[in-house]
Amino acid sequence: MDRKDNQSPQGAFERRRYTNIVVQKARHPQLKEYIHDAVNGLLPFIQKGLVERVAVLFFDSESIPVERFIFKLTLNQSYGTKVDDADLEFALRSFLIKLSVSEPLTKVLPRDCRWEITAYFRSLPQASTSKDAELWIPTDTMQWQQPPLITPIKSMSSEPLGVQLYLEHPSLSEPKA
């Protein structure tokens with residue numbers, strides 16, 4: 001399921017420090033709002049263990065994916081609210097460091113590309129039980145015909161949260177559009 005599509009002009013992000021790490025922060029108010037709404041819209045579903053993966057997909061002008069950053073999530077439901085914030089922040093910090101140095105693994109994106117945030121649910125949330133479910137729509141994203149080339153970037157496990165980040169590119173044998 002995904003939120004509305006976005007296009008990001010040059011300079012849409014700026015370098016900032018977060019927990020003493022250089023990260024990219026959206027500059028444009030609508031872009032900040034889109035990212036904030038997507039993340040906060042997913043939070044209740046992640047907390048319930050319904051979200052398996054969150055992806056940031058990049059598309060060419062023909063809406064064919066050229067690159068996907070996949071965040072595979074596991075959440076230990078038995079922890080409830082007993083989370084050590086310092087441990088989780090330390091694990092996320094190392095995760096952000098690895099993410100910031102992963103740029104050489106990425107492809108040069110086409111000038112007219114667009115991107116979207118897509119969530120893959122283990123089971124679909126019921127619109128009747130959550131107003132947040134109404135914000136998400138089934139995706140019509142074109143999929144690759146061949147299994148993708150997968151490049152692992154980082155894994156972390158800091159109970160109750162486990163995250164695997166990997167990058168997907170189309171297989172070399174993927175038919176060209």
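What you see below is based on every heavy atom in this structure, not just the backbone, and it leaves out hydrogens, waters and symmetry mates.
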Measure centre to centre between the rings of W115 and F69, then say whether the value is under 6.0 Å.
-> no
What is the distance from atom CZ of R122 to atom CZ of R53, rounded to the nearest 0.5 Å?
-> 9.5 Å
Using the rule that two of Ile, Leu, Val, Met, Phe, Trp, Tyr join whenever any of their side-chain heavy atoms come within less than 4.5 Å, decide whether Y166 and L109 are in one cluster.
-> no
Can you tell if the side chain of F121 reaches within under 4.5 Å of the side chain of L42, non-hydrogen atoms only?
-> yes
T151 meets the side-chain contact (heavy atoms from CB on, under 4.5 Å) criterion, sequence neighbours left out, with L105, L167
Do P148 and H169 have side chains that get closer than 4.5 Å, going by heavy atoms?
-> no
Identify the heavy atoms of V66 and P170 that sit nearest to each other, and give their distance.
-> O-CD, 3.5 Å
Minimum heavy-atom distance E168-I150, with the two atoms named | CG-CG1, 4.1 Å
Just by distance, do the side chain of R68 and the backbone of A55 share a donor-acceptor pair under 3.5 Å?
-> no
Counterpart residues, side chain to side chain donor-acceptor pair (under 3.5 Å), relative to H28 (two or more places apart) | none
Would you please name every residue forming a salt bridge (Lys or Arg N to Asp or Glu O under 4.0 Å) with R16, sequence neighbours left out?
-> E14
With hydrophobic residues grouped by side-chain heavy-atom distances under 4.5 Å, do M156 and I70 end up in a single group?
-> no
Verdict with supporting geometry, Y34 and I117, side chain to side chain contact (heavy atoms under 4.5 Å, CB included) | CA-CA 9 Å; Y34 168 77; I117 298 171; 3.6 Å; yes
Distance-only, no hydrogens or angles: does the E67 side chain make a donor-acceptor pair with backbone N or O of K107 under 3.5 Å?
-> yes
How many angstroms lie between CG in D37 and CD in Q30, if you round to the nearest 0.5 Å?
-> 11.5 Å
Closest heavy-atom pair and its distance - S155, Q164 = OG-CG, 3.5 Å
In terms of hydrophobic clustering (I, L, V, M, F, W, Y; side-chain heavy atoms under 4.5 Å; direct or indirect links), are I153 and V54 co-clustered?
-> yes
Has K154 got more than 12 heavy atoms of other residues, nucleotides or ligands less than 6.0 Å from its NZ?
-> yes
After noting the C-alpha distance and the side-chain angles of V163 and K72, does the key distance pass the side chain to side chain contact (heavy atoms under 4.5 Å, CB included) rule?
-> CA-CA 6 Å; V163 181; K72 187 173 182 183; over 6 Å; no
Are R114 and S63 side-chain neighbours, meaning at least one heavy-atom pair lies under 4.5 Å?
-> yes
Of the non-hydrogen atoms in A26 and I35, which two are nearest, and what is the gap between them?
-> CB-CD1, 4.2 Å
How about K98: does its NZ atom have over 12 heavy atoms from other parts shown lying under 6.0 Å from it?
-> no
Closest approach of P147 to S171 (non-hydrogen atoms, all atoms of both residues) | O-CB, 3.2 Å
So if you build clusters from Ile, Leu, Val, Met, Phe, Trp, Tyr with side-chain heavy-atom gaps below 4.5 Å, do L43 and F45 land together?
-> no
